[in-house]
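Note that these values count all heavy atoms, side chains included, but never hydrogens, waters or copies made by symmetry. Chain A is the first sequence line, chain B the second, and so forth, proteins listed ahead of strands; every chain is numbered from 1.
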Amino acid sequence: MPLSLHNTLTRKKEVFAPIDAKKVRMYVCGPTVYDFAHIGNARPVIVFDVLYRLLRHVYGEAHVRYVRNITDVDDKINAAAKANGENIRDLTERTAKEFHADTKALLCLEPDVEPRATEHIAEMIAMIERLIASGHAYEAEKHVLFSVQADKDYGKLSHRNRDEMIAGARVEVAPYKRDAADFVLWKPSPDDLPGWDSPWGRGRPGWHIECSAMSEKHLGPSFDIHGGGLDLIFPHHENEIAQSECAHGGAPFARYWLHNGFLMVEGAKMSKSEGNFRTIRDVLGEAPGEAARFAMLMGHYRDPLDWTSERLMQAIYGLDRFYMALRGIDAAPAAIPVRVLEALDDDLNTPLAIARLYELLGELNTANTTADKARWAGELRAGGLLLGLLQQDSEAWLQGETIDPNEISDAVVKRLEERDWIDEQIRLRLAARQTKNFAEADRIRTDLALKGIILEDGPKGTTWRRAG
RNA sequence: GGCCGGAUGGCAGAGUGGCUAUGCAGAGGACUGCAAAUCCUCGUACCCGAGUUCGAUUCUCGGUUCGGCCUCCA
């Protein structure tokens with residue numbers, strides 16, 4: 001079954017066919033680095049990571065190029081830097097670093113290229129000049145504006161026409177605009193804000209132009225997939241299309257547009273005033289990154305997703321079951337199971353893919369022979385691969401984070417001591433059981449349970465894990 | 001006001017014009033010194049109304065409701 005993706009451009013599911021199968025190209029709008037990323041920002045990062053993994057599987061790792069930008073020039077950044085009295089550059093560097101730590105914890109692969117807006121100012125200026133030359137943009141009072149009337153295709157992504165846009169009550173018409181729908185490509189910067197010399201004076205770019213300039217540089221004028229949040233369809237992506245296609249003499253920009261749905265927290269829209277604002281860092285304090293990732297993929301990427309503690313608990317419990325079943329089994333190498341691939345091929349149906357993983361779990365748990373167990377464990381591991389799940393060691397998941405012996409710290413020493421202590425308790429309990437002193441054995445079990453350690457007696461001896 | 005997307009059992013969440021989703025929770029059973037894990041068995045479903053059809057949760061229309069976007073804001 002071929003890979004099919006829902007294309008916002010046509011509002012239909014279409015079979016995916018890249019321009020060049022040897023060079024599949026994807027661009028995803030990345031973060032504006034002014035503060036910790038929130039859990040809503042994590043959604044596209046995880047979703048498109050799954051798509052990236054899938055594309056690499058289908059076309060080969062060397063034949064996929066994934067570009068995700070970092071917006072490091074923006075009015076929100078300027079405002080945030082002013083608010084904390086921080087140097088703008090320091091703020092963007094620090095925030096970008098935190099973002100990388102977050103994505104790593106969420107088990108996302110790094111994009112092939114992560115261009116920054118401030119490093120592509122020259123490309124943006126060049127593109128703006130081309131737009132002016134071709135009559136699609138004009139200068140007015142040190143601003144450069146894109147002329148919507150000059151683009152007959154304007155509105156094809158969001159499916160709205162110019163009149164409908166003007167009908168919106170919230171349009172504010174700047175006096176220098178020829179048309180209310182025109183948007184800024186370049187605007188003047190005062191001395192206390194970031195700015196670059198340009199043919200129109202010292203200034204900074206408008207929001208949309210960076211993606212057009214960076215995608216052109218790193219992927220070429222036409223490429224395969226462009227992704228981002230649903231809220232970016234209009235105006236951001238619509239304007240990107242306008243800029244790029246007009247700058248490229250009408251050559252089609254991205255062919256498949258993918259948009260992930262919105263995220264709510266505990267049934268309500270996430271906002272600082274509601275008190276339910278949740279950063280990725282907050283979530284990582286509540287659960288391991290793999291659980292957050294699993295929780296995110298439990299919903300289909302285009303549907304709204306309600307981020308609740310209940311969902312996170314279910315994800316943790318689900319991973320507990322998978323890793324418990326995989327524990328102690330030497331998984332046989334396996335290809336990605338067809339049933340999982342099929343689910344993902346159908347417009348990234350991750351909830352169905354997860355259901356298929358549960359089917360494999362059932363097979364594993366009911367397998368009778370060592371060979372069968374090895375086989376199903378292998379399929380399960382392989383099935384988790386494209387989802388970025390089930391790749392770690394079972395003990396590491398069940399007993400807490402892995403301990404890096406190279407990292408000597410009080411915390412690590414304490415954890416190692418705790419492990420020795422637990423092993424000792426298990427030995428004592430075993431001795432008690434052998435003399436049928438069950439009261440003592442149960443006392444040890446209860447004692448550990450109170451500390452969140454669950455003992456499990458198996459045919460090969462007693463193992464332990466932390467309670468979810 | 002305009003454009004768009006949802007609505008499935010207690011919860012999460014797939015899918016289909018007639019036939020088991022899957023997971024959690026719940027009920028019963030097996031196994032077990034206890035526990036954990038696992039296995040087996042069992043309820044409860046497709047927002048409302050009309051239409052198309054032999055038959056609709058699945059298609060069409062209308063309604064209700066939730067959510068998103070409507071210009072510098074992820």
Classify the nucleic acid contact of [X] as base, sugar-phosphate or nothing, counting any heavy atom under 4.0 Å across all strands shown.
{"X": "A:D306", "answer": "nothing"}
{"X": "A:R311", "answer": "sugar-phosphate"}
{"X": "A:Y358", "answer": "sugar-phosphate"}

Test side chain to side chain contact (heavy atoms under 4.5 Å, CB included) applied to A:P190 - qualifying residues, sequence neighbours left out: A:D192, A:L193, A:R204
The side chain of [X] lies closest to which of these nucleotides: [options]?
{"X": "A:R445", "options": "B:rG15, B:rU71, B:rC34", "result": "B:rC34"}
{"X": "A:H208", "options": "B:rG33, B:rC73, B:rU38", "result": "B:rC73"}
{"X": "A:M324", "options": "B:rA37, B:rC72, B:rA12", "result": "B:rA37"}
{"X": "A:P351", "options": "B:rA36, B:rC73, B:rA14", "result": "B:rA14"}
{"X": "A:L352", "options": "B:rC34, B:rG68, B:rA14", "result": "B:rA14"}
{"X": "A:P235", "options": "B:rC73, B:rA35, B:rU38", "result": "B:rC73"}
{"X": "A:D442", "options": "B:rC34, B:rA14, B:rC73", "result": "B:rC34"}
{"X": "A:R321", "options": "B:rC72, B:rC11, B:rU38", "result": "B:rU38"}

Does [N] have its OP1 or OP2 closer than 4.0 Å to a side-chain nitrogen or oxygen of [X]?
{"X": "A:N349", "N": "B:rG15", "answer": "yes"}
{"X": "A:R429", "N": "B:rA35", "answer": "no"}
{"X": "A:N365", "N": "B:rC39", "answer": "yes"}

B:rC59 and B:rC72, which share atom name C1', separated by this distance in whole Å: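 Those two atoms are separated by 42 Å.
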Rounded C1' spacing from B:rA21 to B:rU44 in Å: 16 Å
Those residues that, when tested against A:E245, pass side chain to side chain donor-acceptor pair (under 3.5 Å) (two or more places apart): A:K156
Distance only, no hydrogens: is a donor on one side chain within 3.5 Å (strictly under) of an acceptor on the other, for [X] and [Y]?
{"X": "A:Y34", "Y": "A:N78", "result": "no"}
{"X": "A:H259", "Y": "A:H237", "result": "yes"}
{"X": "A:Y66", "Y": "A:D49", "result": "no"}

A:R11 (side chain) and B:rG5 (base): donor-acceptor pair under 3.5 Å: no
Per-nucleotide pairing state of RNA chain B [Watson-Crick or G-U, under 3.5 Å; [ ] pseudoknot-crossing; | other strand]: (((((((..(((.....[...))).(((((.......)))))....(((((..]....))))))))))))....
